[in-house]
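Reading through the structure tokens given below for one structure.
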Amino acid sequence: TAKDAGKNTYQFFEEHMNRAAQEHLSMQLELRRALQENELHVYYQPVVDLRQGRTIGLEALVRWRHPEKGELLPGAFIPFAEKFGLIAQIDQWVLAAVCRQWRDWQAQLPPGFWVAVNLSAASLKNHGLVDEIAEVLYSHGVPASAIVIELTESQLMENARDVLGLLQGLRELGLRLSIDDFGTGYSSLAYLRQFHVDALKIDRSFVHDLGSHDAAAIVSTIVAMARNLKLRVIAEGVETPAQLEVLRGLACDCIQGFLYAAPLPPAAVPAQLHAVLVPPGDAAPDPGAPP
Ligand code: C2E
Ligand code: MG
Ligand code: MG
Ligand code: MG
């Protein structure tokens, strides 16, 4: 019968589908379920201003609390979400979650406090993005100035012509823009100026290698150029006191990293808001540092 034929066809596929393809399919179904069943969560990593020695903002980082596999980091599912066309939906979900959270924390937040959200390249291709973001902010009563949008250097490079208008729309809303993973895309700051961003995040690979003369020279140059362009500089992935001291010597504005705080569940954030965890310093440039 047709029913048996269908069953046989199914068995044929089942037997011949390789393991990778099956995992691929189940990952896609599971990701859709994750979005529907609220299995995604947002963690928040403090960004510390070295002059004030305290948290001035947070980066929102998505996590997937998988019912069988436990807590998954973005690296384990974002590449799939990109492949299945689900990443823009995840970005939107994260922004809405951040807005709800911001309302909860609002009374405790220091003035000027912000939360940074990562956007994927797919989100940048959505022509309705500016309106959608405006709607989410408005419906939650969150001022645009409380949100920073992070875009990686390579996203900007690959989509330069298409994103200029979109970024202008975001800035007109009052959002601030930040270039993530800076230094990995080999673009010049002069070129990136056209995007009118407010901050640069130095990729953690340079921070990791700060002990080497070359990496220190690159970081020193990035900090100096950013200062001339009046951009805030955030060093990512600061793990050791030695790295912190080099960054202080270079008068880097802000740090983010495990040394200070890992990404935290929302309940752990309020305790970090007013704590002074890095001794305040004037972050004056080291007189011995190259100009
Ligand atoms: P990113 O935006 O560069 O975020 C910083 C990553 O560095 C985070 O990894 C953070 O946990 C990690 N990190 C922070 N401090 C340290 C440190 O001291 N040492 C080391 N080794 N790592 C540190 P995470 O949370 O696994 O996120 C990885 C990437 O996933 C992010 O890189 C971002 O590109 C992407 N991502 C995260 N959330 C979202 C999201 O909501 N939407 C999109 N489109 N991408 C996201
Ligand atoms: Mg980021
Ligand atoms: Mg980064
Ligand atoms: Mg990254």
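For the single chain, residues carry numbers from 1 onward in sequence order. Ligands are counted one by one from 1 in listed order, and the atoms in each one are counted from 1 as well.
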message: With carbon and hydrogen excluded and only N/O/S kept, which atom of Asp181 is nearest the Mg ion (ligand 3)?
response: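 Output for this pair reads OD1.
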task: Looking only at N, O or S atoms, find the one in Asp180 nearest to the Mg ion (ligand 3) and name it.
output: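 Nearest to the Mg ion (ligand 3) within Asp180's N, O and S set: OD1.
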Please classify the [X] to ligand 1 contact at 4.0 Å (heavy-atom distances, strictly less than): side chain, backbone, both or neither.
X	value
Thr152	neither
Lys201	neither
Asp180	side chain
Pro263	side chain
Val94	side chain

field: For Asp181, the ligand 1 atoms whose distance to one of its heavy atoms is below 4.0 Å
entry: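 Near Asp181, the atoms of ligand 1 are 3 (O).
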- prompt: Which atoms of ligand 1 sit under 4.0 Å from any heavy atom of Ser120?
  reply: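 Per the distance check, 44 (N).
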Non-hydrogen side-chain atoms of [X] and [Y] separated by less than 4.5 Å:
X	Y	result
Thr240	Leu259	no
Leu151	Leu167	yes
Leu109	Trp102	yes

- prompt: Is the side chain of Glu245 donor-acceptor paired with the backbone N or O of Ala242 at a distance under 3.5 Å, no angle test?
  reply: no
message: Would the distance check show the side chain of Arg176 and the main-chain N or O of Ser145 forming a donor-acceptor pair, the cut-off being under 3.5 Å?
response: yes
- request: Enumerate the residue pairs fulfilling ring-ring contact (aromatic ring centres under 6.0 Å, His included) with a member in residues 68-88, sequence neighbours excluded, ordered by first and then second residue.
  value: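 Those involving residues 68-88 are His24-Phe84, Trp64-Phe77.
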Heavy atom of [X] under 4.0 Å from ligand 1?
X	answer
Glu59	yes
Ile78	yes
Gly75	no
His208	no

query: Does any pair with a residue in residues 249-275 pass salt bridge (charged side-chain N to carboxylate O under 4.0 Å, His left out), and if so which ones, sequence neighbours excluded?
result: Arg51-Asp253
- request: Check each of Leu73, Val207, Asp91, Ile87 against atom 42 (N) of ligand 1 and report the one with the nearest heavy atom.
  value: Asp91
message: Which option wins on minimum heavy-atom distance to atom 33 (C) of ligand 1: Val62, Asn118, Ile255?
response: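 Selected option, by shortest heavy-atom distance: Asn118.
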message: Run the salt bridge (charged side-chain N to carboxylate O under 4.0 Å, His left out) test on Arg65 and Glu39 for me, step by step, so that the C-alpha distance in whole Å, both residues' side-chain angles and the decisive distance to 0.1 Å come before the verdict.
response: CA-CA 5 Å; Arg65 209 158 289 160; Glu39 292 172 16; over 6 Å; no
Do ligand 1 and [X] have nitrogen or oxygen atoms that lie under 3.5 Å from each other?
X	answer
Leu61	no
Phe258	yes
Glu239	yes

message: Before we go on, tell me: are the rings of Trp105 and Tyr44 under 6.0 Å apart, centre to centre?
response: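 Ring centres of Tyr44 and Trp105 closer than 6.0 Å.
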message: Hydrogens and angles aside, do Glu239 and Gln243 bring a side-chain donor and acceptor to less than 3.5 Å of each other?
response: no
query: Going by distance alone, is a donor N or O of one side chain under 3.5 Å from an acceptor N or O of the other, for Glu59 and Asn118?
result: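 Yes, because at least one side-chain N or O of Glu59 sits under 3.5 Å from a partner of the opposite role on Asn118.
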message: Quick check on the hydrophobic clustering: are Leu264 and Tyr43 connected, directly or via other members, by side-chain heavy-atom contacts under 4.5 Å?
response: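 No, separate clusters.
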task: Could you tell me whether the Mg ion (ligand 2) has an N, O or S atom of Thr152 under 2.8 Å away?
output: no
- request: Evaluate whether atom NE2 of His41 has more than 12 neighbouring non-hydrogen atoms of other residues, nucleotides or ligands under 6.0 angstrom away.
  value: yes
task: Return the name of the atom in Glu150, of element N, O or S, nearest to the Mg ion (ligand 2).
output: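 The closest N, O or S atom of Glu150 to the Mg ion (ligand 2) is OE1.
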task: Tell me which N, O or S atom of Glu59 sits nearest to the Mg ion (ligand 2).
output: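 Sorting the N, O and S atoms of Glu59 by distance to the Mg ion (ligand 2) puts OE2 first.
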